[in-house]
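Beneath this line is the structure, given in structure tokens, with notes to follow.
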Amino acid sequence: MSETSATNEQFDLVVVSNRLPVDRIIDADGSAAWTRSPGGLVTALEPVMHAHGGAWVGWPGMPDVEVEPFDEGGIRLVPVPLSADDIEQYYEGFSNDTLWPLYHDVIASPRYHREWWDAYKSVNQRFTDAVAEVASGGAVVWVHDYQLQLVPKLLREARPDLTIGFFNHIPFPPYGIFSQLPWRTRIVEGLLGADVIGFQRQADAVNFQQAVRRLKGYPTRRGHIEVPVVDETPGVRVYGPIKPTGPIRTVVAREFPISIDASIYDELARRPDIQERARQLRADLGDPRVIIFGVDRLDYTKGIGHRIKAFGELVADGEVTVGDVVLVQVASPSRERVVPYMELRDEVELMVGRLNGDYSTIGHSPIAYYHQSFPREEMTAFYLAADVMLVTALRDGMNLVAKEYVASRFDDDGVLILSEFAGASDELTRAILVNPHDIEELKRAILRAMELPKRERKSRMRQLRKRVFDNDVAKWSNEFLEELAKARAAAND
């Protein structure tokens with residue numbers, strides 16, 4: 001893909017996310033170019049953006065770099081520049097060392113720094129200004145994720161003509177946890193600037209509605225929130241419900257579980273070269289009877305240590321034989337300048353090293369560990385090679401890896417072990433569901449998955465595949481945009 005400049009046009013559909021859906025690459029001759037990042041979000045939204053004349057606003061991925069808006073793949077990309085200080089305080093600080101652990105049930109301790117909050121406010125304002133400039137009159141704006149929770153309110157104040165949606169890709173915590181945030185009311189007010197607020201699970205939507213009732217006193221009923229056009233209680237916690245006396249607007253807050261482009265993984269898995277690569281992977285691992293596979297970002301929410309502990313105990317107890325069974329763990333590098341992530345990497349590598357040091361034979365190790373990322377084709381080969389997919393998230397908005405595994409198994413084989421704390425467990429009920437905190441239960445689930453009869457494996461996988469293909473990412477985006485269209489029609493009545 002090549003970079004081209006573009007004039008300052010306005011667009012009927014604007015998508016906003018922390019990152020643009022492209023990566024900057026430097027060619028051999030030193031010239032810069034852009035390549036589209038792999039991901040379900042851009043795949044789902046690309047046809048809609050082409051049809052409606054869409055723009056995408058986001059950070060280009062490099063600090064202290066000014067990039068003019070440009071066209072890529074038929075979509076206008078509008079870069080928002082961030083400095084190295086912005087990245088440290090807004091992104092690594094408030095977004096990923098305050099909000100991320102707080103929203104994931106305080107698995108790690110959040111840190112609250114006022115300068116991080118100030119940077120968060122400043123960057124959210126910068127994104128708002130960029131959107132306000134490129135959105136046409138009456139445009140639809142779809143804001144994504146926890147890094148930009150102030151944008152809906154800021155945008156409504158700047159451009160009341162817009163229809164605004166927000167989707168939260170991570171969990172929204174119960175009020176008892178969310179209330180710890182010093183800026184909790186400001187976050188709720190920011191989100192209530194949207195017309196439609198989407199969450200991964202019904203429980204997340206319920207948690208948000210409770211926060212609205214506790215902090216703002218607005219009536220909520222069946223996913224609809226009555227928000228005054230003029231807020232008479234800005235930044236003030238209230239006790240008991242407040243009945244708005246002036247004009248109100250209705251904000252929809254409900255679940256829209258995200259998914260994947262299942263057809264991509266199905267098509268990849270059917271390719272002869274991918275199938276040959278899967279066979280080669282098994283051979284490289286010593287042709288074990290059972291391959292157990294885990295793939296995650298190296299994040300403390302993923303329960304990587306829990307699965308290694310459970311598997312290690314099975315090895316130590318002699319219930320799993322090294323060489324007969326191998327655990328393959330891919331841990332993609334993540335937020336490596338954030339202290340809890342550095343500590344997690346050391347902890348996981350120590351666990352892997354001890355287990356392999358204690359139980360490896362000349363030809364085999366209990367765990368094959370990879371601290372790196374792989375392209376989609378290689379991941380699909382891993383999915384095909386894996387007899388058991390092990391997802392042990394301690395808290396996860398959805399977990400698309402589980403759906404990718406299912407979509408890849410065109411042979412209707414393989415077993416998915418899935419944490420009940422991942423949003424995907426609401427849909428993929430034919431997986432073996434586990435509480436990853438219960439190591440004994442996790443061990444039993446692994447043993448059961450390895451010995452599950454072929455007939456039951458196929459029955460479960462067929463049902464899982466039907467669910468994933470019936471509810472793919474295109475359906476998710478269409479349902480959300482349809483809800484926004486209803487909001488726009490109601491506002492125009």
Side-chain angles (χ1 to χ4, degrees), residues 17-18 40-41 91 94-112 120 143-150 152 165-181 183-184 187-188 190-192 194 196-215 220 223 225 252-260 296-304 306 334-335 338 340-341 344 391-403 418-429 431 433-437 476 480:
S17 64
N18 177 64
L41 186 60
Y91 182 70
F94 195 80
S95 295
N96 291 319
D97 215 354
T98 300
L99 293 178
W100 180 269
L102 183 77
Y103 281 32
H104 287 85
D105 291 354
V106 197
I107 295 170
S109 297
R111 295 198 293 166
Y112 307 115
Y120 187 81
V143 186
H144 288 269
D145 226 359
Y146 63 104
Q147 301 97 342
L148 302 174
Q149 293 176 104
L150 303 182
F166 181 92
F167 186 78
N168 196 54
H169 291 256
I170 68 173
F172 195 91
Y175 182 73
I177 292 176
F178 181 71
S179 62
Q180 298 176 28
L181 183 66
W183 308 280
R184 57 196 182 183
I187 293 293
V188 165
L191 292 172
L192 287 174
V196 178
I197 310 170
F199 299 92
Q200 299 280 24
R201 311 178 80 168
Q202 183 181 22
D204 298 324
V206 169
N207 289 341
F208 175 73
Q209 292 167 41
Q210 183 185 28
V212 170
R213 291 193 299 271
R214 293 290 296 272
L215 296 171
T220 66
I225 304 171
V252 174
R254 70 172 183 85
E255 73 279 9
F256 296 86
I258 198 171
S259 194
I260 62 170
D296 314 86
R297 283 189 309 104
L298 189 58
D299 192 291
Y300 48 75
T301 66
K302 302 301 183 180
I304 298 173
H306 292 64
S334 176
R335 301 166 188 166
V338 179
Y341 290 81
L344 176 66
V391 177
T392 55
L394 307 180
R395 191 76 164 94
D396 215 337
M398 179 53 61
N399 195 281
L400 297 180
V401 162
K403 295 186 175 184
L418 179 60
S419 166
E420 64 189 65
F421 303 118
S425 66
D426 290 350
E427 301 174 87
L428 305 183
T429 56
L433 300 180
V434 295
N435 173 4
H437 296 282
W476 167 78
F480 193 95

Set of side-chain hydrogen bond (donor to acceptor under 3.5 Å, both in side chains) partners for [X], sequence neighbours left out:
X: T301; result: D299
X: N207; result: none
X: D426; result: R201
X: H306; result: none

Kindly write out the residues that satisfy side-chain contact (heavy atoms from CB on, under 4.5 Å) with [X], not counting sequence neighbours, or none if the list is empty.
X: P110; value: P101, L102, V106, Y112
X: V252; value: V196, H224, R254, E483
X: S334; value: R297, Y341
X: A431; value: L416, L418, L433

task = Applying ring-ring contact (aromatic ring centres under 6.0 Å, His included), name anything that partners F208, two or more places apart in sequence or on another chain.
result = F172, F199
message = Going by ring-ring contact (aromatic ring centres under 6.0 Å, His included), name the residues that satisfy it together with F256, two or more places apart in sequence or in a different chain.
response =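 Partners of F256 under the ring-ring contact (aromatic ring centres under 6.0 Å, His included) test: F480.
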For E427, salt bridge (Lys or Arg N to Asp or Glu O under 4.0 Å) partners two or more places apart = K403
task = For D296, enumerate each residue passing the salt bridge (Lys or Arg N to Asp or Glu O under 4.0 Å) test, keeping only those at least two apart in sequence or located in another chain.
result =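 With sequence neighbours excluded, D296 shows a salt bridge (Lys or Arg N to Asp or Glu O under 4.0 Å) to R307, given in chain and number order.
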inquiry  = If you define the side chain from C-beta out and look only at heavy atoms, does anything of H169 sit under 4.5 Å from H144?
reply    = yes
